[in-house]
Protein chains: 2
Amino acid sequence: MVEKLAEKGKVRLSQQTIVAAAAELFARNGFGATSLDDMATALGVTKGALYYHVKNKEEILRLIFLQVLTIAEEPLRQIVESKIDPAEKLAQAISHHTAVAADRSPQMIVFYREQVHLTGPFSREISHRKKTYESYFEQIIEEGIAAGQFRAEVDPKIATFGILGMCNWLSQWYKPGGTYTPTQIAQFFSQLVEGGLLVSRTS
Amino acid sequence: MVEKLAEKGKVRLSQQTIVAAAAELFARNGFGATSLDDMATALGVTKGALYYHVKNKEEILRLIFLQVLTIAEEPLRQIVESKIDPAEKLAQAISHHTAVAADRSPQMIVFYREQVHLTGPFSREISHRKKTYESYFEQIIEEGIAAGQFRAEVDPKIATFGILGMCNWLSQWYKPGGTYTPTQIAQFFSQLVEGGLLVSRTS
DNA sequence: ATAGAATTTGAACGGCTGGTCAAAAATTCA
DNA sequence: TGAATTTTTGACCAGCCGTTCAAATTCTAT
């Protein structure tokens with residue numbers, strides 16, 4: 001059912017390689033439907049070997065979540081704190097988030113699909129960090145409204161959910177080597193969010 | 001682990017009630033992590049009883065997918081074929097899609113998360129109907145560009161993915177009884193997509 | 001009331017799951 | 001080389017999974 005990835009013998013087994021292989025399998029088949037045997041087969045080893053590098057199945061999932069957050073959080077924080085105008089901040093934030101979604105798309109799919117399988121305090125920590133991440137976007141929009149750059153009728157929370165939804169959805173359809181690069185897609189999204197579709201506006 | 005829903009004894013067991021309960025459990029815990037015992041418990045019956053109404057677990061999943069498509073497809077088709085201007089069409093399409101995402105949110109979560117667990121030709125049929133559904137949005141945007149109402153630089157495919165991502169994401173955060181109704185949220189989304197965030201534009 | 005049909009039960013099944021572990025193999029380094 | 005260490009094996013376990021089915025129950029209509 002799960003074909004072997006083209007990694008047999010090439011790479012040394014480690015937490016990193018396990019997590020990478022698991023992310024692809026979880027993204028393709030779901031966390032619950034991916035067995036440790038599937039992962040072992042994909043890596044060209046036996047199930048038991050995995051347990052030398054990893055405590056259990058859930059830890060693999062935890063490591064995927066941490067990887068996503070490690071990549072995503074810090075650059076966004078820097079964008080928010082930089083001293084450029086809000087519209088440019090938003091464009092950079094969209095560009096950053098789109099890039100993460102595009103080149104870590106298995107991890108992103110897992111991140112937004114499988115949190116339900118995290119248990120205990122770790123799941124709550126993820127929820128909290130997700131909220132913080134979202135709040136950065138909210139801040140940028142509020143800033144833009146306060147500066148008179150964004151329309152005052154905009155609800156920052158709804159707009160944030162809209163923008164993040166737009167970017168996150170990318171991992172559902174983006175395939176490397178398509179018509180557009182992640183950078184170009186991010187530009188399209190920025191134009192759409194900032195300028196809208198209409199040629200002219202009345203407000 | 002899975003608490004009983006407040007349905008015990010109240011409703012008669014049927015395909016419909018099974019599908020409804022399953023949708024909530026699948027949405028909350030995932031298809032793979034939801035056992036038939038979980039569903040039976042939630043409905044106040046034993047596992048065996050389910051098999052009188054349903055062929056197997058995958059059929060339950062299939063019925064959820066069909067339910068979503070049955071609700072979503074036809075109204076959108078009518079909007080596309082109606083003789084109103086593209087901007088208004090888009091607003092109505094967004095409103096329609098948002099409404100579906102909001103008041104069938106368990107089913108929508110399952111629809112976009114668990115297709116991987118469908119097997120055989122049915123999965124391909126769903127993919128095809130999904131694509132057709134997306135193409136309706138593309139059509140509206142192309143129409144708007146052709147009519148000179150939408151900006152010519154817009155890529156209809158990317159814009160469609162963006163809009164659908166925005167709406168679909170709703171099922172991840174929307175809770176009935178929040179600050180805004182689905183109708184209001186749809187209006188926000190329409191404004192965002194059509195007019196953008198910026199107060200003024202140069203193009 | 002009672003026959004007949006519709007529905008539910010509860011036990012049983014084979015298979016797969018995540019996890020464990022002593023022994024074997026591979027690697028490292030003096 | 002060869003001893004010490006790191007890594008992998010492969011067999012094993014207990015438990016849960018989806019599914020089946022004969023028997024028991026409940027419902028329906030006369």
Side-chain angles (χ1 to χ4, degrees), chain A residues 1-5 7-23 25-26 28-64 110 114 116-120 122-123, chain B residues 1-5 7-23 25-26 28-64 110 114 116-120 122-123:
Chain A
M1 178 135 298
V2 174
E3 62 267 44
K4 198 180 304 187
L5 300 178
E7 305 192 8
K8 186 183 180 177
K10 290 185 190 172
V11 290
R12 252 177 72 80
L13 197 57
S14 68
Q15 260 201 12
Q16 277 305 314
T17 58
I18 292 173
V19 167
L25 291 173
F26 291 168
R28 196 185 316 146
N29 305 325
F31 176 79
T34 304
S35 69
L36 290 163
D37 267 318
D38 291 338
M39 297 183 226
T41 304
L43 290 162
V45 292
T46 51
K47 186 167 56 164
L50 303 178
Y51 280 87
Y52 181 79
H53 303 273
V54 133
K55 205 170 110 262
N56 53 35
K57 196 185 179 188
E58 195 182 336
E59 181 176 64
I60 301 175
L61 189 60
R62 276 198 294 266
L63 289 168
I64 295 174
V110 173
E114 313 285 5
V116 127
H117 298 107
L118 295 174
T119 61
F122 186 80
S123 179
Chain B
M1 180 135 297
V2 175
E3 63 269 43
K4 198 180 304 187
L5 301 177
E7 305 193 10
K8 186 182 180 180
K10 290 187 191 173
V11 291
R12 253 177 70 79
L13 197 58
S14 70
Q15 259 200 15
Q16 277 305 313
T17 57
I18 292 172
V19 167
L25 291 173
F26 291 169
R28 197 185 317 147
N29 306 326
F31 176 78
T34 304
S35 70
L36 290 162
D37 266 319
D38 291 338
M39 298 184 226
T41 304
L43 289 161
V45 293
T46 52
K47 191 165 54 163
L50 302 178
Y51 280 87
Y52 181 78
H53 303 274
V54 133
K55 205 170 111 261
N56 53 36
K57 194 185 179 188
E58 195 181 336
E59 183 176 64
I60 301 176
L61 188 60
R62 267 187 256 132
L63 289 168
I64 294 174
V110 173
E114 312 285 6
V116 126
H117 298 107
L118 294 174
T119 62
F122 186 80
S123 179

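Since the model is a prediction, treat every value here as computed from it, not as a measurement. So that the names make sense, note that chain A is the first sequence line, chain B the second, and so on, each numbered from 1. The figures here come from the full heavy-atom set of this structure, side chains too, leaving out hydrogens, waters and symmetry mates.
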Heavy-atom closest pair, residues [X] and [Y]:
X        : Y        : result
Ala49(B) : Leu13(B) : CB-CD2, 4.0 Å
Lys47(A) : Ala40(A) : N-CB, 3.4 Å
Ser14(A) : His53(A) : CA-ND1, 3.8 Å

Spacing of [X] atom [atom1] relative to [N] atom [atom2], expressed in whole Å:
X         : N       : atom1 : atom2 : value
Tyr52(A)  : dG19(C) : OH    : C1'   : 18 Å
Ile18(A)  : dT8(D)  : CD1   : C1'   : 12 Å
Asn56(A)  : dT17(C) : CG    : C1'   : 14 Å
His117(A) : dG18(C) : NE2   : P     : 11 Å
Leu13(A)  : dA26(C) : CG    : P     : 15 Å

- Query: Run the side chain to side chain contact (heavy atoms under 4.5 Å, CB included) check on Phe26(A) and Met39(A) step by step: do they pass?
  - Reply: CA-CA 10 Å; Phe26(A) 291 168; Met39(A) 297 183 226; 3.6 Å; yes

- Message: Measuring to OP1 and OP2 of dT7(D), would you say a side-chain N or O of Arg12(A) lies under 4.0 angstrom away?
- Response: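 For dT7(D), OP1/OP2 do have a side-chain N/O of Arg12(A) under 4.0 Å.
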
- Does a side-chain N or O from His53(B) land closer than 4.0 Å to OP1 or OP2 of dT8(C), or not?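 Answer is yes, contact under 4.0 Å.
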
- Message: Taking the side chain as everything from C-beta on, heavy atoms only, tell me whether Thr17(A) gets closer than 4.5 Å to Arg12(A).
- Response: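 Contact flag for Thr17(A)/Arg12(A) side chains = no.
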
- Item | Check against side chain to side chain contact (heavy atoms under 4.5 Å, CB included), Leu50(A) and Leu43(A) | CA-CA 10 Å; Leu50(A) 303 178; Leu43(A) 290 162; 4.1 Å; yes

- Message: Going by side-chain contact (heavy atoms from CB on, under 4.5 Å), Phe31(B) matches just one of Val110(B), Ile60(B), Leu61(B). Which one?
- Response: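 Answer after filtering Val110(B), Ile60(B), Leu61(B): Leu61(B).
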
- For the side chain of Thr41(B) and the backbone of Asp37(B), is there at least one donor-acceptor N/O pair under 3.5 Å apart?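 A pair under 3.5 Å: yes.
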
- Message: I'd like to check the side chain to side chain donor-acceptor pair (under 3.5 Å) partners of Ser35(B); sequence neighbours left out, ordered by chain and number.
- Response: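 Ser35(B) satisfies side chain to side chain donor-acceptor pair (under 3.5 Å) with Asp38(B) once adjacent residues are dropped.
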
Protein N or O to nucleotides 21-24 of chain D N or O, pairs below 3.5 Å:
none

Could you run down the sub-3.5 Å N/O contacts of the protein with nucleotides 12-17 of chain D?
none

- Starting at the 5' end of DNA chain D and moving along, which residue's nearest nucleotide shows up first, Thr46(A) or Lys55(B)?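 Result of the comparison: Thr46(A).
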
